[in-house]
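To start, the structure under review is shown below, and the notes come after it.
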Amino acid sequence: MNLTSSRRQTGRVQWLASWATPMAALVAYLAFWPTGVEPVAWDAPKDAGYVGAHSPNERLAALQQAALPAGQEGPEHIVAYQGALYTGLAHGEVLKFSPDGQNQSVVLNTGGRPLGIDFDAQGRMLVADAFKGLLRITGQGEQAKVETLLTQVDHPEAQDPVRYADAVKVAPDGTLWLTDASRRFGAKELGSTFEASVLDILEHSCTGRLIAVDPQSLKSRVALTGLCFPNGVAVTPDGRTLFLSETGSYRILKLDLARLSGLGATPAVDQALAQGAAMVLVDNLPGYPDNLMRSDSGRLWVGLTKPRSPLVDKMAAWPALRQVVLRLPRALWPVPKAYGHVIAFDEQGRVVDDLQDPKGAYPETTSATEADGKLFIQSLHARSLAWLPYSGK
């Protein structure tokens, strides 16, 4: 080999080495870098898509809107009480407003992220704050008094922290029902309810739980475990049945509370299903179900924050592949596009209404609230209040 050929060969080797080293580092990063997530294999149901009762429509495309205060967003849950409406916003404010979207006033700022809201028989506001736990509020503004009712569970394990308080509902007997969406990914620790939910759903370890709080003693117990990001809660007027949306499993459960309490100890959802204390009311939804709202007529409203992701469903059986995806930049995570969608069911699981906006102009619809002849749409990140005239069927 002459000198010129030798130099060419050396140059090729150096060129290959200059590429091989960073490529090897990239492969090692994608294969081995710790993510803090431990994905679990599961069987995702085959997505039927937007067919039948969920055939595409544009009934959410022409919403009336009223702007939120400057810099505010995320009317994630809306509840009507004594002629006014209330919602929690992304920067901690609990906002009161009139049915025309005006007369907006801040009840208080929790200092966290208020999600679910309800009122007890004494008119006190209950707030499931993803950062703070379960709060009880009386008064408004400078006179507002805030009590922290629950940051950890008493039973079956004492001082067991609540890491993602999501929804709260006051039952007719006064029991406070609370969902703790994830024991793996705390919203406060991550500084984001959205990121914590994405990580929990991609991991699919199903550590969420339903918690019952006694209204007098404020003692708390875990009523149901093994839930895949439990979210919205609704209760029938007789207090016998509780409905629960399970975001990570694309379904809504119906719980017989008497049978559930009769199982003893702390049942997992699979045990409750096997023994008739729970049933799947709605399965294989075309998106991720969030809040649940029950209208006076008995309609159960749920919002789908995002449509299903074919990639996420395909990766369900491949935990290692999900690990690789989680090592990618956030912008490359398989978060589906915006798509507005709220659905109403009856208590037997039949679809009675379905409103959509395929363009997702009002982002991440979480549910809907009937009030004053209107349907108010809830949202994770919208910067306005939104509604449309609604008389039901």
Without swapping roles, check the side chain of [X] against the backbone of [Y] for a donor-acceptor pair under 3.5 Å.
X	Y	value
Ser384	Ala67	no
Ser379	Pro75	no
Lys169	Trp177	no
Ser245	Thr247	no
Thr365	Val342	no
Thr241	Asp256	no

Taking only residues two or more places apart in sequence, or in another chain, which ones meet [X] in a salt bridge (charged side-chain N to carboxylate O under 4.0 Å, His left out)?
X	result
Lys374	Asp372
Asp173	none
Arg113	none

Is any side-chain heavy atom of [X] closer than 4.5 Å to a side-chain heavy atom of [Y]?
X	Y	answer
Leu95	Tyr86	no
Leu126	Leu135	no
Val127	Lys132	no
Leu244	Leu227	yes
Val37	Leu202	no

Side-chain ion pair, Arg299 and Asp353, N-O less than 4.0 Å: no
Does the side chain of [X] come under 3.5 Å of the side chain of [Y] through a donor N or O and an acceptor N or O?
X	Y	result
Gln72	Glu93	yes
Gln122	Thr138	no
Thr369	Gln378	yes
Thr305	Asp290	no
Ser98	Asn103	yes
Asp354	His54	yes
Gln65	Trp387	no

Glu347 and its salt bridge (Lys or Arg N to Asp or Glu O under 4.0 Å) partner, picked from Arg294, Arg240, Lys254: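 In the set Arg294, Arg240, Lys254, the residue that makes a salt bridge (Lys or Arg N to Asp or Glu O under 4.0 Å) with Glu347 is Arg294.
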Under the ring pair (Phe, Tyr, Trp, His ring centres under 6.0 Å) test, residues paired with Phe185 that sit two or more places apart: none
Derivation and outcome, side chain to side chain contact (heavy atoms under 4.5 Å, CB included), residues Asp346 and Leu300: CA-CA 6 Å; Asp346 65 17; Leu300 291 165; over 6 Å; no
Ring geometry between Tyr390 and Trp301 (parallel below 30°, tilted from 30 to 60°, perpendicular above 60°):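 Trp301 vs Tyr390 ring planes: perpendicular.
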Any pair counted as salt bridge (charged side-chain N to carboxylate O under 4.0 Å, His left out), so long as it reaches residues 262-282, sequence neighbours left out: none
Within residues 186-207 or reaching into it, pairs that qualify as salt bridge (charged side-chain N to carboxylate O under 4.0 Å, His left out) - sequence neighbours excluded: Arg163-Glu189, Arg184-Glu203, Glu195-Arg330
